[in-house]
Number of protein chains: 2
Amino acid sequence: MSPRRSDSRGRMISSAAVLLGEQGAGATSIDRVLAHSGAPRGSVYHHFPEGRTQLIDEAVAFAGDVMADRIAAVSRTGDPVAAIDALFALWRSRLIDSGFRAGCPVVAAAVAADEEGPQWADSAAEVFTRWQTTLTDVLVAGGLPETRGRRLAAFVIGAFEGAVVLCRAERSPAPLDAAAAEIHDLLVHALPDRPGAAADAGEAP
Amino acid sequence: MSPRRSDSRGRMISSAAVLLGEQGAGATSIDRVLAHSGAPRGSVYHHFPEGRTQLIDEAVAFAGDVMADRIAAVSRTGDPVAAIDALFALWRSRLIDSGFRAGCPVVAAAVAADEEGPQWADSAAEVFTRWQTTLTDVLVAGGLPETRGRRLAAFVIGAFEGAVVLCRAERSPAPLDAAAAEIHDLLVHALPDRPGAAADAGEAP
DNA sequence: GTCTATACGAAGATAGAC
DNA sequence: GTCTATCTTCGTATAGAC
């Protein structure tokens, strides 16, 4: 509620999200989050009474917020195709700039959900659902029927997340590029005539 | 090389693959693999001189083989659309039958790759590449140009893996169904006239 | 190939002072 | 909010016998 000058709590959450994305939940230990964020050991359980489990939970929600903001930002033009192209381009840069280390914290938490952190799956699901809702709105606003918009939104998010996993493993942007291109074409054909987007040639990133 | 009567080694690898898929690399400890497989403690480092890291490595390769066999089996009809429909149907059942616990060991290893197991990313990449090659062959045999076939194969595998992650988090087959439907339609339009598949209505699973 | 025992380290969590 | 122990659990890995 009351933001501190040197926001240890926030920095820990942000660091946890990074570590989660780069190396998975196993590597997102309290020790490493502390080292990465520079936050003090002493206040860990003051900020996160439920310990590591809670920390990862909040990191997932945080990553969800960040990405949701980006989806919103990129959708302001009202053109769903441009918006989704931009999202792919954004992550292409992120992957390359990080030497293919950057990954999605939400996927990492979802995949690692077990008896140690059963709620991680729920946290991840919440985020995925939120993204799907946001994207669905964009697509429906673009002229797609509700049913198709929903289906397509889920598809795009799944394809995107899977492509990121493949890119990191292969250390190549190719899978993301493949997804971007296929989804671009798919959207162009699925959407009714978009105003000011008559010439589609060379629009894919 | 020489298969034993009570194949402890093989059972450990198989169990590791299951645990990896269900709960991620963090939960795939030697102890749990032992408990799950019923294999004896005493021979762990006899079978896996490099310990847990090697065990997980081999589990990834094993899971890769199993899935590659399935891709091959499902492609024998020569119809790429039917083959990919079948793959999605297969995993839909797997997810539901397991209460949405079953997951992909390869993705789990890829996401958890860090300094503890840097080679897991490479093992995963090898598997993904192998699947992509196999699928590319199927699509090219179906009449697609090499370039598009490659791109589409990477796309399909990424979309598939991402959808599985979403399904497990949301405990719902919806994301996989969305992917199956969208990809089915995409393939039908991308492929030249498929023999014996004139009527496409109701072919999606 | 399999056993027991044990060394060792990493990490989560708690207690109580400041 | 932060600090310094400290406790405890767990998991990897090794040693040496059978």
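Small disclaimer: the values here were computed from a predicted structure and weren't measured.
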Side-chain donor or acceptor of B/Arg171 paired with backbone N/O of B/Gly99 under 3.5 Å: yes
For atom NE2 of B/His46 and atom P of C/dG1, their distance in whole Å: 4 Å
Closest contact, heavy atoms only, B/Ala17 versus B/Ala59: N-CB, 3.8 Å
Below 4.0 Å: OP1/OP2 of C/dT2 and any side-chain N or O of B/Ser43: yes
Among D/dA13, C/dA11, D/dG1, the one nearest A/His47 by side-chain distance: D/dG1
Residue-phosphate contact under 4.0 Å: B/Arg52 side-chain N/O, D/dT12 OP1/OP2: yes
Atom-to-atom span, CD1 of A/Ile30 to C1' of C/dT14 - whole angstrom: 12 Å
Ring centers of B/Phe128, B/Phe160 separated by less than 6.0 Å: no
Among C/dT4, C/dG12, C/dT2, the one nearest B/Arg41 by side-chain distance: C/dT4
5′-ward residue of the pair B/Gly42/B/Glu116 relative to DNA chain D: B/Glu116
Any donor-acceptor N/O pair, A/Arg52 side chain to A/Thr28 backbone, under 3.5 Å: yes
A/Pro40 side-chain proximity, nearest of D/dC3, C/dA11, C/dG12: D/dC3
Out of D/dG11, D/dT14, C/dA11, whichever nucleotide has its closest atom nearest the side chain of B/Tyr45: D/dT14
Short side-chain N/O contact from A/Ser8 to OP1 or OP2 of D/dG1, under 4.0 Å: no
Between D/dA13 (C1') and B/Asp31 (CG): distance, integer Å: 12 Å
Between P of D/dG11 and CD1 of B/Ile56, the distance in whole Å: 13 Å
